[in-house]
Amino acid sequence: MKQINTDIVIVGAGLAGIYTALNIDSSIRVDIIVKEDLHDTNSRLAQGGIAGELEIEPKNLEAHINDTLKAGSYLNDELAVRVLVNEASININRLMEYNVKFDRDINGKVLLTKEGGHSTRRILHSGGDSTGKDIMFALKEECMRRENIHIHENTMAIDLISDNNVCYGVSCLNGNKNTIHFIANNTVLATGGIGNIYGSTTNSTSATADGIALAYRKDVKIEKMEFVQFHPTAFHNQHSKHRQKFLISEAVRGEGAHLLNSESVRFMEKYDERLELAPRDKVSQAIYREMYDTWTDHVYLDARHLDPTFLPKRFPTIFNHLKQEGYDIRTQLIPVSPVQHFNVGGVKTDIYGQTTMKNLFANGECASNGVHGANRLASNSLLECIVFGNRIAININSAKITPITHQFSFKEVETYNYNYIPMKNKLGRLMDEYVGIVRTEDGLKLAKVQIIDMENSLIKDPNNSKHYYEALNMIQTAHLIVDAALKRTESIGCHYRIN
Ligand SMILES: Cc1cc2nc3c(=O)[nH]c(=O)nc-3n(C[C@H](O)[C@H](O)[C@H](O)COP(=O)(O)OP(=O)(O)OC[C@H]3O[C@@H](n4cnc5c(N)ncnc54)[C@H](O)[C@@H]3O)c2cc1C
């Protein structure tokens, strides 16, 4: 057992964690802990881009605010949305100072694209469709130059260290079973998404809902868990057994691609006047309906009418991936289906990232700061990571750091080499079947009974291993989703109940 005393511990090295760390004063020690390696993040997978108005033009800012509120079915916290939109410019400009190179035209003007739910072109991108990868590369380089930032890979947070609703850091597993306790004045949860709870997801393998479950086990408030966003267009590979599915960015539809059903008929006009650029919940629900009515498990993305020289240049990652899978997007229909993509709810915070536990902050996909309402507007999540990361840093920079005098006692638990894979697979099947795009009371209740059964068997038999904590985090978070989905009987945003 090892103990490290620090000023700030940040759990997670995606955009939410790294950007927060970069904005902390250089006189303050920051320890970032990462479950596996630095590459395994949802941030790195982001293709479409980052939304934000660079010019402070009130009419355009209001339009971004309105699009965000509309996509969220007005369940958003309007103050949080105003913060998100108004502070976009300063933080996106800071990304550029950190050497992120957004795509520009030959005159040096930043190129902007459009995605579902956006009324204008306001999305910056990099490398065509490798925005996340390029941002994370530049920020990692910047982190390496900072002497106050210490990164610990292969270190998984398993428990918050807390007393009387005050957070004092986090206990971790280094490798599979060696325990390290980080004692810190401030702790930031930035653990990302929940995707692996489902059988099919666009998320990275690290997205197992850890931060939400850690907070839940210490009675920190969690909210809006019924709102799980499904991306309409993941590449549908019938033969792939992997949970993680390849995403085909909404920006492809933003540039004019259409959706066709199994009869090669364009169908979105039956469902929404915004057609293929309706918000994701509407498009996913429409695809679900088409698949149901035609007894198939996919529809098609059609980009054959677009300029064939434009597609490989604008979407090199997507073009090359599909080529490897045997598809040419310039000449062939691409099979696609909706899969789990984004967690809208999470650990409740205020507009400074503060959770309901003192000295505990949350940022990024694991947090619920009110910006998304009942559904996230495309490309607002990278923005959320930087705007609220900056606010958390400002908050921490201005607070006085005092030595922690509290005494802690940590207990040892036995470790077994179980992998819990059958349990994780069973959970994925249950969530896909009963807690997916379309939900019913009977289905949710059926899932709940089995989830409680799995949860009880894990709690009865504790095991100090990475696999155990992942299974426990996934199952406890699934339980939170099912309970929230049962409670909300109306259909709104990405929560769709048919009875
Ligand atoms: C395929 C794909 C495409 C996307 N495209 C876009 C887009 O174009 N625009 C947009 O705005 N958004 C997009 N999103 C969403 C966006 O990428 C994410 O919401 C955002 O990057 C989340 O950042 P994060 O830092 O919160 O989480 P992540 O980037 O996932 O980082 C989480 C970090 O936490 C670590 N971690 C997790 N659990 C633990 C633990 N127990 N202990 C220690 N470390 C832990 C992980 O290892 C990782 O380092 C996309 C998402 C996906 C999956």
Side-chain angles (χ1 to χ4, degrees), residues 9-21 31-52 113 115 123-126 129-133 135-136 139-140 151-160 170-174 182 188-196 201-214 229 231 233-235 244-251 254 280 317-318 339-344 346-347 362-367 372 376-386 388-389 466 469-470 472-474:
V9 61
I10 297 180
V11 187
L15 185 57
I18 294 269
Y19 191 81
T20 306
D31 286 78
I32 303 181
I33 61 172
V34 191
K35 185 153 63 169
E36 275 151 29
D37 62 39
L38 281 178
H39 294 299
D40 192 16
T41 63
N42 278 355
S43 300
R44 205 169 166 275
L45 299 174
Q47 297 174 344
I50 181 164
T113 191
E115 290 184 85
I123 298 165
L124 295 88
H125 46 86
S126 170
D129 56 2
S130 61
T131 311
K133 190 168 153 213
I135 292 178
M136 292 313 292
L139 265 49
K140 194 182 107 191
I151 296 179
H152 308 262
E153 290 183 295
N154 290 313
T155 305
M156 177 187 185
I158 55 168
D159 197 13
L160 291 174
V170 66
S171 296
C172 301
L173 285 177
N174 180 228
F182 287 83
V188 182
L189 292 174
T191 52
I194 62 155
N196 292 284
T201 177
T202 58
N203 286 193
S204 70
T205 53
S206 68
T208 51
D210 296 1
I212 294 171
L214 256 69
Q229 186 180 78
H231 198 289
T233 55
F235 175 62
Q244 191 181 357
K245 306 291 184 245
F246 180 74
L247 179 82
I248 302 180
S249 168
E250 198 154 347
R280 285 176 187 171
T317 310
I318 294 170
V339 301
Q340 192 285 342
H341 182 57
F342 182 80
N343 180 45
V344 174
V347 184
N363 188 27
E365 199 167 331
C366 73
H372 303 305
R376 171 188 70 127
L377 181 67
S379 287
N380 264 355
S381 36
L382 292 180
L383 180 61
E384 167 189 20
C385 293
I386 61 174
F388 291 92
K466 174 174 179 282
Y469 282 106
E470 275 193 355
L472 183 66
N473 294 340
M474 289 162 69

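Note that ligands are numbered from 1 as they come in the structure, with each ligand's atoms numbered from 1 the same way. A quick note: this is a predicted structure, and the numbers were derived from the prediction, not measured.
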Stepwise salt bridge (charged side-chain N to carboxylate O under 4.0 Å, His left out) test for Glu365 and Arg376: CA-CA 11 Å; Glu365 199 167 331; Arg376 171 188 70 127; over 6 Å; no
Every residue of the protein that comes under 4.0 Å of ligand 1, judged on heavy atoms: Val11, Gly12, Ala13, Gly14, Leu15, Ala16, Ile33, Val34, Lys35, Asp40, Thr41, Asn42, Ser43, Leu45, Ala46, Gln47, Gly48, Gly49, Thr155, Met156, Ala157, Ala190, Thr191, Gly192, Thr202, Asn203, Ser206, Asp210, Leu247, His341, Phe342, Gly364, Glu365, Arg376, Ser379, Asn380, Ser381, Leu382, Cys385
Residues forming a salt bridge (charged side-chain N to carboxylate O under 4.0 Å, His left out) with [X], sequence neighbours excluded:
X      : answer
Asp129 : none
Glu250 : Arg280
Lys133 : none

His341 and Thr202: side chain donor to acceptor below 3.5 Å: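 Indeed, the side chains of His341 and Thr202 share at least one donor-acceptor pair under 3.5 Å.
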Side-chain donor-acceptor contact under 3.5 Å, Gln229 with His372: no
